[in-house]
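In what follows, a structure is listed as structure tokens, so that the remarks can point back to it.
Throughout, protein chains are lettered first and strands after them, A, B, ... in sequence-line order, and every chain is numbered starting at 1. A quick note: this is a predicted structure, and the numbers were derived from the prediction, not measured.
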2 protein chains.
Amino acid sequence: MTTARDQIIQTTSTLMELQGYHATGLNQIIKDSGSPKGSLYYYFPGGKEELTAEALNRAGQIVLNRIKSNLDLVEDPAESISNFIRNVALHVELSGYQGGGPITTVAMETSATSERLREACHRIYSGWIEVFAEKLLQGRFSPEQAQSLATVIIAAIEGGIILCRTGRSGDPLRQVADNLAILIRQFG
Amino acid sequence: MTTARDQIIQTTSTLMELQGYHATGLNQIIKDSGSPKGSLYYYFPGGKEELTAEALNRAGQIVLNRIKSNLDLVEDPAESISNFIRNVALHVELSGYQGGGPITTVAMETSATSERLREACHRIYSGWIEVFAEKLLQGRFSPEQAQSLATVIIAAIEGGIILCRTGRSGDPLRQVADNLAILIRQFG
DNA sequence: GTCTATACACTGATAGAC
DNA sequence: GTCTATCAGTGTATAGAC
């Protein structure tokens with residue numbers, strides 16, 4: 001029953017999604033989470049880096065589950081994947097163009113300065129790619145094709161989120177959805 | 001002849017490419033650029049935000065020129081575009097997975113907190129997309145198709161850079177190159 | 001487990017001399 | 001144009017009481 005710990009992790013994830021790693025201070029995390037101030041280094045002896053790694057892992061896991069359940073809804077790979085991407089577009093719009101998860105931002109900020117966080121992000125991305133690759137294997141794809149195409153799907157989604165946030169529009173992600181569907185059907 | 005000013009801008013661009021906006025301090029910029037310390041607010045009265053906007057614009061312009069010259073080398077859109085993306089992969093590798101430009105990182109960090117920087121990034125991305133769209137119009141694309149596909153190309157490249165940096169491999173961008181070439185040929 | 005207090009470095013920014 | 005000095009605020013992290 002570590003609900004205080006959970007609150008800290010959840011708040012960290014939300015704040016870093018909005019403003020990134022370095023702009024998010026521990027004081028703000030404590031304040032926003034309403035958690036007891038003295039408990040941060042009790043729960044996370046590794047300090048900000050450890051706390052961030054946990055927040056990223058949790059956020060990554062939630063997204064992973066959302067991917068899985070979305071892809072299970074429709075059998076056709078092209079259709080289910082483009083549906084999922086459209087859902088991401090909607091999510092980014094409804095968040096006021098502040099959504100899209102904390103991983104991309106933190107990854108770019110820390111990939112050159114924190115081996116721990118870089119590896120955490122790498123593992124999260126790899127997990128997502130694997131799920132898409134498995135779905136593609138239900139179509140007429142070779143394992144290599146599926147892996148390659150799944151990588152491109154994640155790349156285009158992440159890049160699409162960036163374009164949506166900077167352009168304040170969900171359209172880039174919808175164009176990703178449309179064009180990737182075409183590409184997937186090419187094979188299948 | 002504002003070479004001190006140029007040095008500051010160049011250093012800002014490099015540092016932010018590596019570690020982002022909030023981790024890059026003005027003191028570090030002054031120190032690394034070897035520029036006179038007192039001149040920063042003389043050249044950039046708007047402070048860090050103005051300096052960053054100039055650095056992003058300069059970096060964006062350089063990339064824009066590189067895109068143009070690359071796409072001019074080969075007539076076939078699919079081939080020239082995938083060649084360019086392979087060049088990006090090589091560049092990221094040779095930089096020790098620290099390259100890829102400052103725009104993406106700063107965009108994610110500040111899109112929700114600085115309207116000025118968000119708009120700067122948006123304009124830069126739009127310029128890149130336009131150049132790719134023009135190239136695609138040389139093939140058998142409708143204007144809408146070209147614009148849509150160019151958007152996906154930029155998204156996949158930006159996302160590919162993220163995957164390359166976190167995974168310390170140039171392969172994701174090469175997979176982007178391969179699959180986008182297939183997608184482009186689908187139309188042309 | 002949680003608290004307060006605090007150490008110490010650093011941030012962006014400004015003022016005023018030269 | 002460039003300098004030094006300095007502002008007020010914030011950063012992460014730690015110590016020690018309770």
Side-chain angles (χ1 to χ4, degrees), chain A residues 1-56 102 105-106 108-110 112-118 120, chain B residues 1-56 102 105-106 109-118 120:
Chain A
M1 193 59 12
T2 50
T3 191
R5 209 186 111 101
D6 285 359
Q7 263 301 316
I8 294 175
I9 291 177
Q10 172 58 41
T11 303
T12 302
S13 181
T14 303
L15 286 174
M16 291 195 179
E17 179 175 28
L18 190 66
Q19 47 187 250
Y21 179 83
H22 287 105
T24 302
L26 297 180
N27 292 332
Q28 189 185 7
I29 292 172
I30 289 302
K31 194 174 149 197
D32 283 24
S33 69
S35 303
K37 177 164 187 171
S39 53
L40 200 152
Y41 279 90
Y42 171 78
Y43 287 124
F44 308 96
K48 191 181 186 180
E49 197 182 28
E50 179 182 347
L51 166 57
T52 304
E54 292 237 28
L56 294 181
T105 312
V106 177
M108 291 300 288
E109 283 183 276
T110 65
T113 50
S114 166
E115 199 66 7
R116 178 176 190 171
L117 295 178
R118 199 208 97 236
Chain B
M1 194 60 9
T2 49
T3 191
R5 208 186 111 100
D6 284 359
Q7 263 300 318
I8 294 175
I9 291 177
Q10 172 56 42
T11 303
T12 302
S13 181
T14 303
L15 286 174
M16 290 195 179
E17 179 174 29
L18 190 66
Q19 47 186 246
Y21 179 84
H22 287 105
T24 301
L26 297 181
N27 292 332
Q28 189 185 9
I29 292 172
I30 289 303
K31 193 175 150 196
D32 283 24
S33 69
S35 303
K37 177 165 187 170
S39 52
L40 201 152
Y41 279 91
Y42 171 78
Y43 288 123
F44 308 97
K48 191 181 187 180
E49 197 182 28
E50 178 183 347
L51 165 58
T52 304
E54 293 237 29
L56 294 181
T105 312
V106 177
E109 282 183 275
T110 65
S111 72
T113 49
S114 165
E115 199 65 9
R116 177 175 189 171
L117 294 178
R118 200 207 96 237

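Under the 4.5 Å side-chain criterion, counting only non-hydrogen atoms from C-beta, B:L26 is in contact with B:L51. Counting only heavy atoms from C-beta outward, the side chains of B:F44 and B:R5 approach each other to under 4.5 Å. Contact annotation: the side chain of B:E17 never approaches that of B:T105 to less than 4.5 Å [non-hydrogen atoms, C-beta and beyond]. Annotation: side chain of B:M16 is not in contact with side chain of B:E109 (no heavy-atom distance under 4.5 Å).
Summarising the geometry, the separation between CG on A:L26 and P on C:dA9 is reported as 19 Å, rounded to the nearest angstrom. One can place NZ of B:K48 at 15 Å from P of C:dC10, the figure rounded to the nearest angstrom.
If you check residues 32-45 of chain B against DNA chain D, the residues with a heavy atom closer than 4.0 Å are B:P36, B:K37, B:G38, B:S39, B:Y42, B:Y43, listed by number. Of the residues in residues 5-23 of chain B, none has a non-hydrogen atom less than 4.0 angstrom from any atom of DNA chain C.
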Next on the checklist: Let's go through A:T12 and A:T24 carefully: what are the C-alpha distance in whole Å and the side-chain angles of both, what is the deciding distance for side chain to side chain contact (heavy atoms under 4.5 Å, CB included) to 0.1 Å, and is it a yes or a no?
Outcome noted: CA-CA 8 Å; A:T12 302; A:T24 302; 5.6 Å; no
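Note that the OG1 atom of A:T110 and the CZ atom of A:R116 stand 11.5 Å from one another [nearest 0.5 Å]. Taking NZ of A:K37 as the reference point, atom CG of A:N27 lies at 4.5 Å (rounded to 0.5 Å).
Within the 4.0 Å cut-off from OP1 or OP2 of D:dT12, not a single side-chain nitrogen or oxygen of A:N27 is found.
Judged by distance alone, the side chains of B:T14 and B:Q10 do bring a donor and an acceptor atom under 3.5 Å apart.
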